[in-house]
Protein chains: 2
Amino acid sequence: MDKRLLFVISKIFCSFVENSSVPLEELKKTIRSYAHVSDSDMEFGMKFYKRKTFKKGDFLLKPGQYIEYFYFMKKGCVSYYSMEEGKAQVMEFFTEGSFFTDLYAYIQEIPSESYIEALEDITVYAISKTDVQKVFDHSHQLERFGRLSMQRTFVITFQRINQLRNLSNQERYLELQKKRPELFQRVPQYLIASYLGLTPVGLSKIRKRLSKS
Amino acid sequence: MDKRLLFVISKIFCSFVENSSVPLEELKKTIRSYAHVSDSDMEFGMKFYKRKTFKKGDFLLKPGQYIEYFYFMKKGCVSYYSMEEGKAQVMEFFTEGSFFTDLYAYIQEIPSESYIEALEDITVYAISKTDVQKVFDHSHQLERFGRLSMQRTFVITFQRINQLRNLSNQERYLELQKKRPELFQRVPQYLIASYLGLTPVGLSKIRKRLSKS
DNA sequence: GATTCTCATTAAACCAGTTTAATAAATATA
DNA sequence: TATATTTATTAAACTGGTTTAATGAGAATC
């Protein structure tokens, strides 16, 4: 077999670890924070989740792909970004306890225009889109969880809009420091700048201005 | 009875027209564009909707109020805005066929910080929050409609973020002209400016620049 | 230990907005 | 029809970012 092809295949599959019947406790707990779900419905749902790991620098998603999986972050941090005129535009950082995917492409069933990249070695639980549908068909309560988690996502997205519209860049920087201080430890500053909608130079100026007062 | 009090009361209630068993066909059709709903489930849901009318300039919502109703716009246009440092910040214009409320305050069950104001005489169908819950409890299919309409709202909100982040003000102006040309007929320009996140002066400059090329 | 690479800062020139204030045009009201 | 009010435009001065390019500082690699 062609060595380069083998390399590509290994790149794609190396990160996958097969089904583990193990500790989905956090995931269950997170789901139950949204809606009451009976034990039997919960077990029905859990059996579709598969544990996967990725190495720092691996891509969970690249542009052009249709969205296959919904993820729950067990350990680690990813960036979700698009490329605009050659520059990465970070939409979001997802860390422990988050549900995530390229939700925009997932919902609309269109090819993604974004990247999801592991910023550290990560562990996730993944459920396929078709399995999500099975779970919602099977359980009214889990469908309710789906609705309520979508509401939550809307709230966060809406807050993002309000911040973009009503706060200055400096205020957004301070807000982020207050709300997610851990990000500044684990993510390089130029990605923070991108997330805030500025250039590294712009952020540097803001930091300088702040350090003077 | 004190005349001023009477005036206030009439201001509050004049706009309400009581239950009509009439043409919720558009509403039903819109719901069914999201999910299959049996006739009996649909009838169960429909009986909670009440038709209401408001005059131009009336407020459907003011800051401080908890959200009571979810609306479906039958006829007319409202603006949904907040006040930041004395200036109206228009979040959205809702027109015929839209579901709307202050979704952010509705979901979080917190007092609104926003206004919803009729920009024209309007007719809406309103369902109370408690009735929405009854409907979702009663019907898995209508709960699915709830989930999917929430997804739709997320998509629109997400597009809004992308536009705010990746397009210049001029590009956003042109985009709005292309996507919702009717708005420019029915809404004053300073509200359009606010929606786009600029001052009337800024929008005027953009228009001038465009008219030269 | 020296070299390379990545990331953050600084400087200079630039630009698309802002604010304030005056004016013009359109609309509503007496 | 005249008058008042609201809405849109223009001008001038200002501002907080941008881009480009050079420099500095830390971490990874040879």
Side-chain angles (χ1 to χ4, degrees), chain A residues 55-58 77 79 81 83-90 93 115 117-121 161 163-177 181 183-213, chain B residues 55-58 77 79 81 83-90 93 115 117-121 161 163-177 181 183-213:
Chain A
K55 294 276 171 213
K56 178 173 178 174
D58 284 354
C77 177
S79 66
Y81 63 94
M83 224 56 173
E84 309 288 334
E85 293 152 23
K87 282 155 200 159
Q89 293 282 352
V90 176
F93 300 107
Y115 301 80
E117 180 180 349
L119 298 180
E120 311 164 354
D121 293 356
I161 289 193
Q163 287 192 0
L164 282 169
R165 287 176 55 107
N166 300 330
L167 301 185
S168 68
N169 291 325
Q170 176 169 318
E171 287 169 324
R172 278 210 304 287
Y173 170 74
L174 291 169
E175 193 70 12
L176 188 63
Q177 267 194 333
L183 275 186
F184 293 77
Q185 309 311 315
R186 66 205 291 193
V187 167
Q189 193 174 301
Y190 70 95
L191 290 181
I192 303 266
S194 170
Y195 176 77
L196 292 171
L198 7 114
T199 60
V201 176
L203 180 52
S204 204
K205 275 187 161 186
I206 288 170
R207 285 162 56 81
K208 188 174 185 188
R209 192 192 310 141
L210 285 168
S211 71
K212 279 184 190 157
S213 50
Chain B
K55 293 277 172 213
K56 178 175 177 172
D58 284 353
C77 178
S79 64
Y81 64 93
M83 225 58 175
E84 309 286 336
E85 291 153 24
K87 281 155 202 161
Q89 293 284 352
V90 176
F93 300 107
Y115 301 79
E117 180 180 350
L119 298 179
E120 310 165 354
D121 293 357
I161 288 192
Q163 287 192 0
L164 282 169
R165 287 176 55 106
N166 301 328
L167 301 185
S168 68
N169 292 325
Q170 177 169 316
E171 288 168 324
R172 277 210 304 287
Y173 171 73
L174 290 169
E175 193 69 14
L176 187 63
Q177 267 194 333
L183 274 187
F184 293 77
Q185 309 313 315
R186 66 204 293 193
V187 167
Q189 192 175 300
Y190 70 93
L191 290 181
I192 303 265
S194 169
Y195 176 78
L196 292 170
L198 344 133
T199 59
V201 175
L203 180 51
S204 203
K205 274 188 163 187
I206 287 170
R207 284 161 56 81
K208 188 175 184 186
R209 186 162 70 226
L210 285 167
S211 72
K212 279 185 191 157
S213 51

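All chains are named by letter (A, B, ...) in the order of the sequence lines, taking the proteins before the strands, and each is independently numbered beginning at 1.
- A donor-acceptor pair under 3.5 Å links the side-chain atoms of B:D121 to the main chain of B:K56, judged by distance alone.
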Handout entry: side chain to side chain contact (heavy atoms under 4.5 Å, CB included) evaluation trace for B:L191 with B:L119
Key = CA-CA 11 Å; B:L191 290 181; B:L119 298 179; 4.0 Å; yes
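- Under the 4.5 Å side-chain criterion, counting only non-hydrogen atoms from C-beta, A:N166 is in contact with B:Q89.
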Under 3.5 Å, N/O pairs linking protein and nucleotides 25-30 of chain D:
none

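- Of all heavy-atom pairs spanning B:G86 and B:M83, the tightest one is O-CE, 3.9 Å.
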Show me, pair by pair, the donor-acceptor contacts under 3.5 angstrom made by side chains of residues 193-203 of chain B, not counting sequence neighbours?
{"residue": "B:S194", "atom": "OG", "partner": "B:A88", "partner atom": "O", "Å": "3.0"}
{"residue": "B:S194", "atom": "OG", "partner": "B:V90", "partner atom": "N", "Å": "2.8"}
{"residue": "B:T199", "atom": "OG1", "partner": "B:G202", "partner atom": "N", "Å": "3.0"}

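- The stretch residues 183-194 of chain A does not touch DNA chain D, since none of its heavy atoms comes less than 4.0 Å from the strand.
- For the residue pair A:F93 and A:I192, the shortest heavy atom distance occurs at CZ-N, 4.3 Å.
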Can you check nucleotides 10-20 of chain D for protein contacts, nitrogen or oxygen pairs under 3.5 Å, and list what you find?
{"residue": "D:dA11", "atom": "OP2", "partner": "B:K208", "partner atom": "NZ", "Å": "3.4"}
{"residue": "D:dG17", "atom": "OP2", "partner": "A:R209", "partner atom": "NH2", "Å": "2.8"}
{"residue": "D:dG17", "atom": "O5'", "partner": "A:N169", "partner atom": "ND2", "Å": "2.9"}
{"residue": "D:dT18", "atom": "OP1", "partner": "A:T199", "partner atom": "N", "Å": "3.0"}
{"residue": "D:dT18", "atom": "OP2", "partner": "A:T199", "partner atom": "OG1", "Å": "2.8"}
{"residue": "D:dT18", "atom": "O4", "partner": "A:K205", "partner atom": "NZ", "Å": "2.9"}

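- Taking 4.5 Å as the limit, every side-chain heavy atom of A:L210 sits out of range of all side-chain heavy atoms of A:R207.
- Distance CZ/A:R209 to CD/A:Q170: 4.5 Å, rounded to 0.5 Å.
- Remark: B:K208 NZ to B:I206 CD1 distance equals 13.5 Å, nearest 0.5 Å.
- At whole-Å resolution of the value, CZ in B:R172 and P in C:dA16 are 15 Å apart.
- In this structure the side chain of A:L164 reaches within 4.5 angstrom of the side chain of B:R165, judged on heavy atoms.
- Phosphate contact (OP1/OP2 of C:dA8, side-chain N/O of A:R207, threshold under 4.0 Å): absent.
- For B:Y115, the ring-ring contact (aromatic ring centres under 6.0 Å, His included) partners are B:F59, B:Y81, not counting sequence neighbours.
- Between A:L174 and A:E171 there is no side-chain heavy-atom pair separated by less than 4.5 Å.
- Annotation: side chain of A:R186 is in contact with side chain of A:E120 (closest heavy-atom distance under 4.5 Å).
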Handout entry: Dot-bracket line, read 5' to 3' along DNA chain D, where crossing pairs take [ ] and | marks a partner on another strand, Watson-Crick or G-U under 3.5 Å
Key = ||||||||||||||||||||||||||||||
